[in-house]
2 protein chains.
Amino acid sequence: MTETMTRYHHGDLRAAVLRRAEEVLRESGTDALSLRGIARDLGVSHAAPSAHFRDKNALFDALAVAGFRRLGEVMDAALATRGSLTDDLVTFASAYLEFATDNPALLSVMFARKHSETSGAEIAEAVAAAFAHPTALLTEGQARGEVVDGDPEVIGVTVLAAIQGLATFVGSGFVTPEQSQRMLEDVVATLMRGLAR
Amino acid sequence: MTETMTRYHHGDLRAAVLRRAEEVLRESGTDALSLRGIARDLGVSHAAPSAHFRDKNALFDALAVAGFRRLGEVMDAALATRGSLTDDLVTFASAYLEFATDNPALLSVMFARKHSETSGAEIAEAVAAAFAHPTALLTEGQARGEVVDGDPEVIGVTVLAAIQGLATFVGSGFVTPEQSQRMLEDVVATLMRGLAR
DNA sequence: ACCTGAACACCGTTCAAGT
DNA sequence: ACCTGAACACCGTTCAAGT
């Protein structure tokens, strides 16, 4: 009976489901993600994942949290070395867009509007952590007198929104990945300089 | 046999499917949208819609085109009367965010990354039309000497990206609709003035 | 051309039962 | 606590057949 060997006692099924779900998301997109398919891939019964994720939305919530944590790590790594403010903003934007290009399905799961009450707080925390580093750029810029005064949260949301919007345009195909590097520099330049003459 | 009366010959099933799909999207979200459910609601067989939409993605593509056309109409109506450039940008942003708040599921369908080759061109056209009016604000601002020189497309993408990003934040619940009016004004102010001191 | 009805291969979710 | 296996009510898609 070699069949039953690996069936029971998977070790950490929850982590295995999450890992496999991220793979499917990256390789085949959201539509291809099914609990039954993941269970099949992992060699457990189709109902096994429900012991760890109440329903499919709970899995999506967990993927969102994991996504923001990974995004935070990417940000920290990208902004480990600093240059001028403009350079740092371009670095931030590049890292964000690269993440968005590499994980388009995950990004849309992260920003899906259906997170449950319970996981909402956990996600909010992960979001704050992911954006802490880029937001700090502006606070430090203000301290050096390079950035206009004002609530850094207010200024930060503009920068984050512009980059997130650009990521959406790239993700939806209205902007090609080839154009994106150019556009990202233009967007940062426009943000720095302002619209008013 | 009163049952068979309205079954055949629906008139314009394609338009009816689109209309009902938009309703379901607004009332119950993307997950609740099924071809079979729509067919049921319209009193036709479950396979009838396939005569008008090759598959579910084709329906999503058609919804995206319809969505951008409606967004364009909203833009035109909102920007029919003009004020200062800042006021006009706030008006544009408000109209966009209101559309996003009223149709969150539709907006994510519009920016979903899976439009087919064939409908891609049609969607791109609808996107261009939807954003023509707001982009014109900047061109006219340049003509009046109120906006910095440079390719209006480049400046436009920054503005559009910032508003789209804010719409994503509102849609995902990271920003509440109550905060959004305040934030939108802050974002426009930051865009106008720039980050550099 | 437009639609029906049956068929196929999937889903998510629930739940008694096993270890 | 963790997992299985059967069951239920759905899906999307295809396809011969009808009008």
Side-chain angles (χ1 to χ4, degrees), chain A residues 1-21 23-25 27-64 105 109 112 114-116 118-119, chain B residues 1-21 23-25 27-64 105 109 112 114-116 118-119:
Chain A
M1 301 280 179
T2 55
E3 282 181 314
T4 55
M5 269 194 59
T6 57
R7 298 223 134 221
Y8 207 88
H9 239 114
H10 199 287
D12 191 350
L13 183 56
R14 195 193 134 89
V17 168
L18 269 177
R19 201 168 44 237
R20 179 62 190 147
E23 279 178 27
V24 174
L25 223 44
E27 291 166 9
S28 315
T30 313
D31 290 351
L33 189 71
S34 82
L35 288 169
R36 288 180 100 110
I38 291 172
R40 212 179 299 128
D41 295 342
L42 296 178
V44 294
S45 84
H46 62 263
S50 72
H52 304 279
F53 302 98
R54 199 177 351 89
D55 52 24
K56 204 177 179 183
N57 275 328
L59 173 59
F60 278 127
D61 285 352
L63 284 169
V109 167
K114 55 180 174 184
H115 304 304
S116 69
T118 52
S119 61
Chain B
M1 307 277 176
T2 54
E3 282 182 314
T4 56
M5 268 196 59
T6 55
R7 298 223 135 221
Y8 208 86
H9 239 115
H10 198 286
D12 190 351
L13 182 58
R14 195 193 134 88
V17 167
L18 268 177
R19 201 167 46 236
R20 180 62 191 146
E23 279 178 27
V24 174
L25 223 45
E27 292 167 8
S28 315
T30 312
D31 290 350
L33 189 72
S34 82
L35 287 169
R36 289 180 101 108
I38 291 171
R40 214 180 298 127
D41 295 342
L42 297 178
V44 295
S45 85
H46 63 263
S50 73
H52 304 279
F53 302 98
R54 198 175 354 87
D55 53 22
K56 205 178 179 184
N57 275 328
L59 173 60
F60 278 128
D61 285 351
L63 283 170
V109 168
K114 54 181 175 184
H115 305 304
S116 69
T118 51
S119 62

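Atom CG of A:L13 and atom P of C:dT19 are 20 Å apart (whole Å). As rounded to whole Å, 11 Å separates atom P of D:dC3 from atom CG of A:L42. Atom CG of B:N57 and atom C1' of D:dT13 are 13 Å apart (whole Å). Taking atom CZ of A:F53 as the reference point, atom P of C:dT14 lies 16 Å away to the nearest angstrom. If you measure from atom CZ of A:R54 to atom P of C:dT13, you get 10 Å, rounded to the nearest angstrom.
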Item to check | Where protein sits on nucleotides 6-11 of chain C, one letter per nucleotide: B base, S sugar-phosphate only, - none, heavy atoms under 4.0 Å | outcome: BB---S
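The stretch residues 39-48 of chain A participates, sequence neighbours left out, in these salt bridge (charged side-chain N to carboxylate O under 4.0 Å, His left out) pairs: A:R20-A:D41.
In this structure B:D31 satisfies the side-chain hydrogen bond (donor to acceptor under 3.5 Å, both in side chains) test together with A:K114, sequence neighbours excluded. Applying the side-chain hydrogen bond (donor to acceptor under 3.5 Å, both in side chains) test to B:S119 and every residue at least two apart in sequence or in another chain returns B:D61, B:S116. In this structure, the side-chain contact (heavy atoms from CB on, under 4.5 Å) partners of B:A15, at least two apart in sequence or on a different chain, are B:D12.
In secondary-structure terms, DNA chain C builds stems of at least 3 consecutive Watson-Crick or G-U pairs, each pair having both distances under 3.5 Å, at C:4-8 with D:12-16, C:12-16 with D:4-8.
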Cut-off 3.5 Å, no hydrogens considered: what does the side-chain donor-acceptor table look like for residues 51-58 of chain A, sequence neighbours left out?
{"residue": "A:D55", "atom": "OD1", "partner": "A:N57", "partner atom": "N", "Å": "3.3"}
{"residue": "A:D55", "atom": "OD1", "partner": "A:A58", "partner atom": "N", "Å": "3.0"}
{"residue": "A:K56", "atom": "NZ", "partner": "A:L33", "partner atom": "O", "Å": "2.9"}

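Under 4.0 angstrom from either OP1 or OP2 of C:dC3 there lies at least one side-chain N or O belonging to B:H52.
What you find for B:A32 and B:S28 is that their closest heavy atoms are CB-CB, 3.5 Å. Between B:A21 and B:L63, the shortest heavy-atom contact is CB-CD2, 4.0 Å.
Contacts of A:A48 with the nucleic acid, taken as non-hydrogen atoms under 4.0 Å apart, include base atoms.
Considering only heavy atoms from C-beta on, B:V44 stays 4.5 Å or farther from B:I38 through its side chain.
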